[in-house]
J.: 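A single structure is presented below for examination.
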Amino acid sequence: MRNPHRHPLAAALALGALGLTACSAGSEDGADSAGPAQDASVSIGLAAVPANLDYTTTGGAAIFEALLYNVYEGLVRLDDDGEVQPLLAESWEISEDGTEYTFTLRDDVTFHDGTPFDAEIVKFSLERLDEWTANTPDNLAAIDSVEVESPTEATVVLSEPDYDALYWLAGPLGTMFAPDSVDDLASEANGTGPFTFESYENAVQLDLARNEDYWAEPAGVAEASLVYYSDAAAAANALRTDGVDAVLRAEAYDQVESFEGDERFEVSIGDTQSVVVLPMNNDHPQLSDPQVREAISLAIDKEAVLAAAASGHGTVLGGPSVPTDPYYADYSEERSHDPAAARQLLEEAGVEDLNLTFTVPNRPYAEAIAQVVQDDLGEIGISVELETQEFPAVWVERTMTDQDYDLTVVSHVEPRNMISYDDPDYYWGYDSAEASEHFSEARAATDDADYAEAMEAAADQVVEDAPGVWLYNSPNIVISGEGVDGLPQNDLGVGMDLSEITVNQ
């Protein structure tokens, strides 16, 4: 049997965290000696807004980031270092050929509505993945069936080995659902987690309450509220005026230094899986030419983009992976700003008077990036018209789902989203037989080295074909007020675990 608990991301994330962390979120230095208050509540400011509560049919990471690990749970989870850990499964074994995962389940778990959790729930939830229409259900397309061995033992049978299967099960695709709840997923949330869902006012606030009957250690606060701000400065101002107790994934980058110099606050800078990318619609008549796409890539000054969008906070990227990926390679030098080379490529491609529409989500970072890109592409003779779209609803429907765009930009926060370049139906329309072969080799790998080697080869091919411009990897900036401890330091692009947060008296 293969070792079920080790995962190559863990070491990378741990090292990354050591390198980037300025100080620990909610460290003991700022704690009140009176200790945590059991009846305390905590309010947390966020930017990305859930369109509704159903992440099986609605795109956008904000939904599952709010609900997974808090209301919903799966068989396994990722810890803050990115390592796969038991959750509703106490343990698991993987067959030598990599096609059967046998999970031993906890026998003391019920959903918030009283439905017992057992192997039939596992079968129902995972065999329902073909009904998902959002959040990349194809990542677990290898699941063929689930065999119920007993109430506390289930075997997930794959049609072919998939090295990442356990990893994907730790994310939203591995969520366990009570059968009687799935008709109301958009407006209600019934899970097994440490918090019960209380209410959601669209784009304003989502409220959770401690699950007093939770099967494990109860949550550290009695109530948790996620408060949404479309403006990064407004979230920062709310923290300064006690409107919220903390801000996760803070985007008021220009204020980070002032928070660090204010003894009332703690600032933590952790890792994320985010890739801020400028996809190009590969089905556009002229953007189907790799030379044109490469010209656009070389025309964009990524350092200027990072400065405009994040005040320099982050890591410039040249490819689709991030430094915490086990297959990361740095392509930033070979994809550095070179407008002369860009103009030469356009000339070789015979392209003149190219006019493109850039659909821009109405997020501060995206709007700042769009201005830089418009200026940079103008310098090589490409005219860009900016079209702002409300995010997530309009952007997800028109740009991502309908694929009605030329250029766009978005922060993909889902973990290891490089695998999306193996999906020709994904919204950037990239289709490469060579890259797909490497992705297939990676899925079939049986050890870490073979997996990383195949993924590196896939990344090489994707970068060569330039279906998009990979701009930067965002840091996870967490700012908290005095007495707030236990905030998640790293953003793994899955659930945002609030259960360990405490507020001192």
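The model shown is predicted, which means the values in this text are computed figures rather than measured ones.
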J.: Search all heavy atoms of A308 against all heavy atoms of A368 and return the closest pair with its distance.
T.: O-CB, 3.6 Å

J.: Evaluate whether atom CD of E334 has more than 12 neighbouring non-hydrogen atoms of other residues, nucleotides or ligands under 6.0 angstrom away.
T.: yes

J.: Calculate, to the nearest 0.5 Å, the distance between atoms OG and CZ belonging to S288 and R293 respectively.
T.: 7.0 Å

J.: How about K302 and S332: do any of their side-chain heavy atoms sit closer than 4.5 Å?
T.: no

J.: Can you find a heavy atom in the side chain of F391 that is under 4.5 Å from one in the side chain of V410?
T.: yes

J.: Please determine if R335 and E294 form a salt bridge, counting it only when a charged side-chain N lies under 4.0 Å from a carboxylate O.
T.: yes

J.: Would W428 and Y405 satisfy ring pair (Phe, Tyr, Trp, His ring centres under 6.0 Å), going step by step from the backbone distance to the final call?
T.: CA-CA 9 Å; W428 37 59; Y405 77 103; 9.2 Å; no

J.: With no hydrogens and no angle check, do the side chains of D80 and Q489 hold a donor and an acceptor under 3.5 Å apart?
T.: no

J.: For Y427 and T408: C-alpha separation, side-chain torsions, deciding distance, then whether side-chain hydrogen bond (donor to acceptor under 3.5 Å, both in side chains) applies.
T.: CA-CA 11 Å; Y427 74 101; T408 189; over 6 Å; no

J.: Could you report the tightest heavy-atom contact between S150 and A119, atom names first, then the distance?
T.: O-CB, 3.1 Å

J.: In chain order, what residues pass the side-chain contact (heavy atoms from CB on, under 4.5 Å) check against A366, with sequence neighbours excluded?
T.: V360, P361, R363, V409

J.: Please find the pair of heavy atoms, one from G171 and one from V494, that lie closest to each other, and give the distance.
T.: CA-CG1, 3.7 Å

J.: With a cut-off of 3.5 Å and sequence neighbours excluded, list every side-chain donor-acceptor pair involving residues 153-160.
T.:
unit_1: T155; atom_1: OG1; unit_2: T102; atom_2: OG1; d: 3.0
unit_1: T155; atom_1: OG1; unit_2: E149; atom_2: OE2; d: 2.8
unit_1: S159; atom_1: OG; unit_2: A142; atom_2: O; d: 3.3

J.: Got a salt bridge between D497 and R77, using NZ or NE/NH1/NH2 to carboxylate O under 4.0 Å?
T.: yes

J.: Is T104 close to W92 at the side-chain level, that is, under 4.5 Å between some pair of heavy atoms?
T.: no

J.: Looking at R443 and D422, does any basic side-chain N land under 4.0 Å from a carboxylate oxygen?
T.: yes

J.: Any side-chain donor-acceptor pair under 3.5 Å between S420 and N417?
T.: no

J.: Would you say the side chain of P415 lies within less than 4.5 Å of the side chain of Y167, judging by non-hydrogen atoms?
T.: yes

J.: Quick one: OH on Y426 to CG on D431, what's the gap to the nearest 0.5 Å?
T.: 15.5 Å

J.: Could you tell me whether E385 atom CD has more than 12 heavy atoms of other residues or ligands within 6.0 Å of it?
T.: no

J.: Could you tell me the separation between the CE atom of M418 and the OH atom of Y327, rounded to the nearest 0.5 Å?
T.: 5.0 Å

J.: Tell me yes or no: between the side chains of S474 and Y365, is some donor less than 3.5 Å from an acceptor?
T.: no

J.: Under 4.0 Å between a side-chain nitrogen and a carboxylate oxygen: does that hold for E65 and R249?
T.: yes

J.: With a 3.5 Å cut-off and no angle check, do the side chains of Y163 and D448 form a donor-acceptor pair?
T.: yes

J.: Distance alone, cut at 3.5 Å: any donor-acceptor contact between the side chains of S297 and W470?
T.: no

J.: Show, in sequence, the C-alpha distance, side-chain angles and deciding distance for E387 and R398, and conclude whether the salt bridge (charged side-chain N to carboxylate O under 4.0 Å, His left out) test is met.
T.: CA-CA 12 Å; E387 177 188 326; R398 292 177 54 187; 2.9 Å; yes

J.: Distance only, no hydrogens: is a donor on one side chain within 3.5 Å (strictly under) of an acceptor on the other, for T272 and N490?
T.: no

J.: Looking at Y55, Y200, F64, which one forms a side chain to side chain contact (heavy atoms under 4.5 Å, CB included) with P50?
T.: Y200

J.: Does either side chain, that of Q273 or that of E414, offer a donor lying less than 3.5 Å from an acceptor on the other one?
T.: no

J.: Can you see whether Y72 engages N190 through a side-chain donor-acceptor pair at a distance of less than 3.5 angstrom?
T.: no

J.: State whether the number of non-hydrogen atoms from other residues, nucleotides or ligands found under 6.0 Å of E453 atom CD is greater than 12.
T.: no

J.: Evaluate the side-chain hydrogen bond (donor to acceptor under 3.5 Å, both in side chains) criterion for residues N52 and T58: first the C-alpha distance (whole Å), next the side-chain angles of each, then the deciding distance (0.1 Å), finally the verdict.
T.: CA-CA 8 Å; N52 58 52; T58 305; 3.0 Å; yes

J.: Does any part of the side chain of S499, heavy atoms only, come nearer than 4.5 Å to the side chain of Y69, both counted from C-beta?
T.: no

J.: Can you tell if the side chain of V292 reaches within under 4.5 Å of the side chain of L345, non-hydrogen atoms only?
T.: no

J.: Can you confirm whether T315 sits close enough to Y472 that some side-chain heavy atom of one is under 4.5 Å from a side-chain heavy atom of the other?
T.: no

J.: Hey, is R128 close enough to E131 for a salt bridge, meaning N to O under 4.0 Å?
T.: yes

J.: Regarding D375 and Q371, is there a side-chain donor-to-acceptor distance under 3.5 Å anywhere?
T.: no

J.: Taking 4.0 angstrom as the limit, do D164 and R416 come out as a salt bridge?
T.: yes

J.: Going through the checks in order, is the side-chain hydrogen bond (donor to acceptor under 3.5 Å, both in side chains) test met by T359 and T399?
T.: CA-CA 7 Å; T359 58; T399 296; 3.2 Å; yes

J.: With side chains defined as the heavy atoms from C-beta onward, is the minimum distance between M455 and F439 less than 4.5 Å?
T.: yes

J.: Nearest 0.5 Å, what's the OG-NE2 distance between S274 and H412?
T.: 11.0 Å

J.: Using the rule given for side-chain hydrogen bond (donor to acceptor under 3.5 Å, both in side chains), can you reason through T57 versus D54, listing the C-alpha separation, both sets of side-chain angles and the distance that settles it, and then say yes or no?
T.: CA-CA 6 Å; T57 60; D54 182 6; 2.7 Å; yes

